[in-house]
Amino acid sequence: MHKAWDDAAADRVLGAFSPTQDQLLPMLHALQAEFGWIAAEAVPILASKLNLSRAEVHGVISFYHDFRREPAGRIVVKLCRAEACQAMGGREMAEAVLAHFKLGWGDTNCDRSVTIEPVYCLGLCAVAPAALVNGAPRARVEPARLIADIEAMR
Amino acid sequence: MSRVFVPGDALAVALGADGVAEALVNAGAEIVRTGSRGMAWLEPLIEVEIVGGRVGYGPVSAGDVAGLLAAGMLSGGAHALFLGHIDDHEWMRAQTRITFARCGVVDPLSVDDYVAHGGLRGLKRALEIGYAATIEQIARSGLRGRGGAGFPAGIKWKGAADAQADSKYVVCNADEGDSGTFADRMLMEGDPMSLIEGIAIAAFAIGASKAFVYSRSEYPHANATFAKALAAVRATGGLGAHAFGPNSPFEIELRIGAGAYVCGEETALLESLEGKRGQVRAKPPLPVHAGLFGKPTVINNVLTLATAPWILTHGAEAYAAVGHDRSRGTMPIQLAGNVKFPGLYEAPFGLTLGQIVNEIGGGTASGRPVRAVQCGGPLGAYFPPSLFDTPYDYEAFAARDGLIGHGGIVVFDDSVDMATQARFAMEFCAVESCGKCTPCRIGSVRGQEVIDRIVSGENRSSDIALLEDLCQTLKLGSLCALGGFTPYPVLSALGYFPEDFQRKPAQNGGGLKR
Ligand SMILES: Cc1cc2nc3c(=O)[nH]c(=O)nc-3n(C[C@H](O)[C@H](O)[C@H](O)COP(=O)(O)O)c2cc1C
Ligand code: SF4
Ligand code: FES
């Protein structure tokens with residue numbers, strides 16, 4: 001899911017927060033929930049609201065893997081790359097899924113339907129390999145099945 | 001009519017529990033969504049209330065529901081998926097469930113159910129005996145931090161209680177970034193009230209009126225459940241203006257991280273809560289003296305805090321009565337990866353690693369021989385079966401350069417390539433480094449290159465020496481355990497599995513799997 005930047009919508013979202021620096025992560029999460037990404041336009045707005053420099057705001061956004069600075073696809077697939085999943089064929093699973101969609105880690109395809117992101121552990125290590133598809137947990141992922149399900153959602 | 005308990009835990013949901021719940025509701029059954037009992041291979045595991053207790057069925061799919069009902073499941077009828085009384089199941093019976101006693105049993109969102117199962121007695125006792133005696137109980141129980149470092153909780157609480165300040169904080173570390181671990185998640189989904197009670201006890205003990213729970217964005221289900229649990233407690237007055245008595249306020253706020261492993265490190269976590277980049281702070285000052293917003297702060301893991309109510313309810317001696325050497329009490333062990341019986345197994349410290357992997361875990365899921373076991377998350381060493389006599393105990397593991405950490409155990413069969421695993425440890429360090437120390441930020445990138453060269457077989461012996469040297473630099477020149485402990489998985493892979501670094505390039509396809 002992604003939407004174009006919209007100052008009025010951003011203002012509405014940010015209006016719910018008190019203007020203190022500790023609210024920066026909650027604000028960024030709220031913006032990403034609204035738009036699907038954090039547009040460059042957000043930086044000066046947040047900086048002036050929180051009385052921070054633009055560099056500080058940018059520094060925070062770029063530090064955290066979650067915050068996307070480009071729009072994502074409608075279907076966001078997070079594949080676990082961590083050890084318990086590796087022990088159950090997670091590497092091969094991820095390779096097959098990336099190859100099918102001709103994507104690299106973090107990439108979105110041209111029609112903005114699918115984004116595939118790496119994630120390091122989803123707490124589903126007892127039923128590995130694991131994935132999240134638009135927030136829905138998946139266990140014992142078989143690549144062919146996951147690919148078919150994503151294709152069906154496109 | 002007999003109620004049916006259907007797990008709403010993310011793991012069970014990933015295996016189709018929502019569909020099972022829907023099929024049951026459509027068939028007119030009364031259901032309660034619970035957490036998970038922890039037997040992952042039997043999920044979705046549903047339980048039915050019958051005369052004389054609860055009986056289980058699993059693993060159940062939505063398609064099984066009609067057949068189960070026809071077989072008389074609601075009165076405990078026989079069926080191929082019938083598991084009997086879950087408390088009597090051999091995997092459950094041998095456990096000592098203290099922290100996880102209620103997980104999978106109670107309705108996680110019901111304060112009444114929590115109280116009916118012994119909840120809130122710990123907080124009540126703390127309020128009765130006062131803060132000093134409360135801290136004394138925690139100290140005497142021997143409870144150590146379950147987040148990884150194993151620091152005595154009582155000492156930490158006393159440090160913050162003794163600090164003079166106009167405000168103090170409790171911060172619950174629910175960032176659970178270690179791969180192979182999921183106990184915090186299970187508890188937040190299955191028995192969040194015990195965590196809320198534990199946080200309240202800690203806050204009362206140190207004199208804090210505000211607490212934060214810092215969870216991770218990778219856990220959307222757990223976060224949703226925990227937020228609902230907070231709201232349920234707030235509705236009963238357990239949080240708010242009079243939580244600790246008339247005009248004695250207490251509030252808990254849930255905050256969500258943004259995909260940075262290093263934010264599990266306590267000072268990086270505090271930076272992140274303050275709205276900054278999650279960079280590690282140099283110590284001193286310790287958080288108990290100057291933590292969140294510069295105020296005295298107790299920061300504890302989910303399991304540490306959630307165990308406090310039991311200790312206050314049953315007494316420090318009861319907790320200290322089990323365990324091994326200086327590791328007192330129980331550890332919720334998390335068995336993951338290529339293991340036949342994965343899940344959460346709470347037991348007193350002192351089992352051997354071999355007992356855990358082979359007896360409790362049943363060996364590998366693939367049926368092939370166990371080759372390596374990574375204990376304590378991505379910064380923990382890989383142990384070969386020759387170390388299976390190591391007792392599960394903080395000091396015994398440390399003596400073998402290993403880590404109990406947060407209790408994760410990841411099993412690999414003989415198809416694993418340990419050079420690939422070593423390279424991944426370096427890669428993970430590079431991806432997650434907060435950037436403050438050069439050995440961690442740059443050394444981890446160099447480490448990947450050196451391992452690539454070793455595998456490609458050019459200057460093997462000098463490159464192996466270089467890798468060992470680099471690991472030494474990481475150990476000595478890192479501010480926190482991300483850089484400082486990455487050498488353990490790397491050096492253990494190299495030390496116990498040298499043959500994987502010595503293959504002819506043709507044997508590994510000319511390079512490593514990525
Ligand atoms: C890189 C790194 C990651 C950590 N991740 C976590 C974590 O996810 N959860 C946690 O409780 N502790 C984590 N810790 C340990 C914390 O720094 C700290 O010791 C712990 O929160 C203290 O609570 P405890 O005494 O109850 O264990 C991590 C430490 C490091 C160095
Ligand atoms: S060791 Fe790495 S993660 Fe830890 S403080 Fe240094 S640079 Fe940051
Ligand atoms: S390691 Fe993949 S879910 Fe934990």
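The structure presented is a predicted model; accordingly, all values stated were derived computationally and were not measured. Throughout, a chain's letter reflects where its sequence line sits, starting with A, and its residues are numbered from 1.
We find the CD-CG distance between A/Gln86 and B/Asn338 to be 12.5 Å, quoted to the nearest 0.5 Å. The CZ atom of B/Arg277 sits 11.0 Å away from atom CD of A/Glu56, with the distance rounded to the nearest 0.5 Å. Atoms CD1 and SG, from B/Ile409 and A/Cys125 in turn, are 12.5 Å apart once rounded to the nearest 0.5 Å. Interatomic distance, A/Arg91 CZ to B/Phe424 CZ, rounded to the nearest 0.5 Å: 7.5 Å.
Comment: B/Arg255 engages A/Asp22 in a salt bridge, judged by a side-chain N to carboxylate O separation of less than 4.0 angstrom.
Closest heavy-atom contact between A/Ala139 and B/Leu15: CB-CD2, 3.7 Å. When all heavy atoms of B/Val410 and A/Ala84 are compared, the closest pair comes out as CG1-CA, 3.5 Å. The minimum heavy-atom distance between A/Phe63 and B/Cys263, with the atom names listed, is CE2-SG, 4.4 Å. A pairwise comparison of heavy atoms in A/Cys121 and B/Asp178 identifies SG-O, 3.9 Å as the closest pair. Residue B/Ser179 comes nearest to A/Ala82 through the heavy atom pair CB-CB, 3.5 Å, listed as atom of the first residue, atom of the second, then distance. Contact detail for B/Phe412 and A/Glu83: the closest heavy-atom pair is CZ-O, 3.6 Å.
Comparing B/Pro378, B/Gly343, B/Gly278, B/Ala183 by how many heavy-atom pairs each has under 4.5 Å with chain A, the most go to B/Gly278. In terms of heavy-atom pairs under 4.5 angstrom with chain A, the leader among B/Ser366, B/Ala365, B/Ser272, B/Gly377 is B/Ser272. Annotation: maximal heavy-atom pairing with chain A below 4.5 Å, among B/Val411, B/Asp18, B/Val431, occurs at B/Val431. Note: B/His221 leads B/His221, B/Glu43, B/Met186, B/Glu176 in heavy-atom pairs under 4.5 Å with chain A.
For A/Tyr120 and B/Phe428, the distance between ring centers is under 6.0 angstrom.
Side-chain contact, B/Ser217 with A/Tyr64: no donor N or O sits under 3.5 Å from an acceptor N or O.
Only the side chain of A/Val119 has a heavy atom closer than 4.5 Å to any heavy atom of chain B. Heavy atoms of B/Phe293 lying under 4.5 Å from chain A belong exclusively to its side chain. Contacts of B/Leu273 with chain A are made by backbone atoms alone, with heavy-atom separations under 4.5 Å and no side-chain atom involved. In this structure, chain B has a heavy atom under 4.5 Å from the side chain of A/Leu132, while its backbone stays farther away.
Although no hydrogens or angles enter the test, the distance criterion places no donor-acceptor pair under 3.5 Å between the side chain of A/His65 and the main chain of B/Ala258.
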